[in-house]
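A short worksheet on the structure shown next.
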Amino acid sequence: MKRHLLSAADLSRDEAIAVLDTAEQIETSLQGREVKKLPTLRGRTVVNLFYEDSTRTRISFELAAKRLSADVLNFSAKGSSVSKGESLKDTALTLQAMGADAVVIRHNASGSPWQLASWIDGSVVNAGDGTHEHPTQALLDAFTMRKRAGRGVGDGLDGLKVTVVGDVLHSRVARSNVLLLRTLGAEVTLVAPPTLLPVGIETWPCAFGYDLDQALPDADVVMMLRVQRERMNASYFPTEREYARRYGLDAARAGSLAPQAIVMHPGPMNRGMEIAAEVADSARSTVVEQVANGVSVRMAVLYLLLGGAA
Amino acid sequence: MTTTLIQQVHPLGGEAVDVLITDAVISQIAPSIDADADVVIDGTGLIGLPGLVDLHTHLREPGREDAETIETGSRAAALGGYTAVHAMANTDPVADTAGVVEQVYNTGREIGLVDVIPVGAVTVGLGGQQLAELGAMADSAARVRVFSDDGVCVSDPSLMRRALEYVKAFDGVIAQHAEEPRLTVGAQMNESELSGKLGLTGWPAVAEESIIARDCLLAEHVGSRLHICHLSTAGSVEIIRWAKSRGVNVTAEVTPHHLLLTEQLAETYDPIYKVNPPLRRAEDVDALRAALKDGTIDIVATDHAPHAAEDKQCEWSAARPGMLGLEQALSITIMTLSNEAGEVDWERVAAVTSTVAAQIGRLAEHGQGIVVGAPANITLLDPTASVVVSGTELASKSHNTPYEGLELPGRVKYTLLRGELTVKNGQAVR
């Protein structure tokens with residue numbers, strides 16, 4: 001694997017499958033263990049550099065690093081030197097001086113992990129940059145899909161039909177998923193109101209449309225994206241009610257899904273808006289599995305980036 | 001009485017001549033002049049151009065002297081071949097009163113490397129609400145004729161109409177930063193397929209084009225002079241072409257970077273490439289280059305925008321837009337106005353870098369070229385030399401050049417301001 005994981009596009013098919021396979025092996029090796037910990041990254045230091053609140057992603061990375069026995073530092077921008085005006089570059093140089101082997105960065109500015117990678121020697125993992133990418137989310141989503149589809153070690157997602165629904169324009173989850181799922185052989189369709197699809201969408205390696213009802217019966221996987229309510233104020237859509245009616249996955253719509261189809265959501269969910277509670281809590285829903293799988297996949301990523309032995 | 005003799009120079013690439021300068025004025029031009037001059041310049045192989053005039057420079061003084069001063073900017077300008085630069089109004093305090101523009105003007109005169117001509121703000125504090133005292137600035141010692149809120153657009157159509165009307169009283173021109181602000185909220189780069197991929201909010205071409213179209217119609221309606229700053233899209237070119245065909249009194253500028261660089265550079269997330277308006281598509285660059293050649297675009301203006309390191313070595317979205325340009329503009333203009341055989345249209349180079357800019361700014365002393373009786377504002381260029389750009393070696397106080405490491409054609413060997421050398425053998429005299 002390369003030194004950094006900045007974009008889902010960084011991964012070749014073989015590399016992406018290797019991450020999923022490694023996650024699978026890690027899960028297997030931890031099964032039945034009383035102490036869910038591997039000594040693999042003992043002596044290594046992983047820094048979680050979070051400029052944006054994201055408890056679930058930070059905890060997931062923290063747990064992943066700790067289960068690999070790495071030393072973990074959590075650096076939150078709030079209440080730190082950053083809030084006193086320290087620049088990203090100065091922070092990067094500080095982490096470099098402290099000998100961080102890997103920095104997991106979450107930042108509200110698209111592209112910031114690329115800048116960080118140019119300033120430090122250690123590995124950089126993009127844990128979400130602005131409205132750009134979130135590659136480990138895509139990996140955990142792919143891992144979840146592969147399991148639910150009954151596929152195993154060495155397999156990709158060839159032929160799987162994945163429909164991603166909602167605010168694609170502002171979604172790093174969607175961008176990374178389109179790239180990774182395509183690499184793994186899945187067929188992706190994006191569904192959203194035209195205001196929430198990026199300019200140039202027709203050049204993306206996927207299909208797109210505006211009609212959710214048309215897209216659902218064909219899908220093996222439906223991935224609902226979180227819709228932020230402030231988008232309404234910016235006139236991306238008229239009202240929450242209209243959005244829910246046209247693009248929300250309610251029980252009736254879920255009824256049109258194929259029997260084997262699953263429903264995914266990166267969380268946190270707006271129940272009643274993009275997804276109805278009964279769908280979110282149904283057997284089709286993989287929301288909780290995604291969280292659990294996230295730890296295994298992030299362990300695999302850190303393991304492969306840092307090369308195991310200290 | 002000081003005399004300077006330039007020997008065997010090629011004015012606009014023509015036949016070699018000797019040029020005698022007496023007391024700041026070109027006094028004689030002949031195939032050979034035998035004069036006992038105080039200063040003799042060997043012009044063999046050099047192209048003689050009228051001293052360059054920039055209609056769009058940011059000198060940052062007053063307010064951000066850590067990024068640039070009138071002195072460092074003047075030195076960069078002289079090295080780029082300029083004898084006059086228009087200093088944009090978005091300083092701190094804003095150049096929106098006679099006092100501030102006189103301060104800038106006088107500081108430039110004291111330094112004496114180029115004529116620093118202040119641009120006056122159109123509205124108080126660039127706020128877009130109330131007209132600044134345009135007449136007081138026009139009547140001041142700085143004799144302001146170009147007014148601009150550059151950095152922000154005069155977006156209120158009624159206020160823009162009034163500004164266009166008002167400056168007619170003193171033959172002024174409104175230089176518009178064409179950007180409909182409601183279409184560029186949070187914008188970070190050109191809106192395109194690439195911005196969608198990079199997750200950076202797009203700055204759509206229509207935000208520029210809609211304002212240009214509106215302002216051309218306003219200028220036509222009130223019969224006033226309008227100048228459009230830093231044209232960046234193929235659509236804008238079409239609108240200017242259309243407006244000129246209607247007889248609208250509009251001129252337009254293009255920057256060196258919009259003639260050379262494309263949005264693809266944003267892929268690096270290096271804020272050195274962040275600029276406003278943003279770098280556009282290759283198709284736009286092609287249209288801009290063609291429009292400069294055919295005269296639709298009147299001038300090259302640098303939009304020289306120095307920024308301190310901390311304002312550029314940060315996240316793309318936090319970085320200030322802008323890049324240096326004074327020292328590279330002539331080279332990039334030459335590249336644009338060369339044909340496939342490498343022959344340069346020197347008359348057009350002189351027009352777009354000097355003559356027309358001087359006319360737009362109503363600078364009688366500049367842009368006249370190498371003719372007897374004209375003030376000796378002259379640039380001598382070695383067209384066979386080239387320069388590899390190094391930010392740290394530039395005269396600007398800031399180093400935010402997008403051309404780092406590029407080899408650019410041509411080198412300014414001498415610049416003369418009213419007969420006095422400001423650049424000698426490629427080096428600033430002060």
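Below, chain A is the first sequence line, B the second, and so on; all start at residue 1.
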Atom [atom1] of residue position [X] - does it have more than 12 heavy atoms of other residues, nucleotides or ligands inside 6.0 Å?
X      : atom1 : result
A/E230 : CD    : yes
A/R182 : CZ    : no
B/R241 : CZ    : yes
A/Q214 : CD    : no

Work out which heavy atom in [X] is nearest to a heavy atom in [Y]; give both atom names and the distance.
X      : Y      : result
A/R175 : B/G196 : NE-O, 2.6 Å
B/E315 : A/A109 : CB-CB, 3.7 Å
A/Q115 : B/W316 : OE1-N, 3.6 Å
A/T131 : B/L200 : OG1-N, 4.4 Å

Rounded to the nearest 0.5 Å, what separation is found between the CG atom of A/D129 and the OH atom of B/Y269? 5.5 Å
Spacing of OG belonging to B/S195 relative to CG belonging to A/L169, to within rounding of 0.5 Å: 9.0 Å
Contacting region of A/H170 [heavy-atom separation from chain B under 4.5 Å]: neither
Given B/D270, B/V185, B/L198, the one with more heavy-atom pairs under 4.5 angstrom with chain A than any other is B/L198
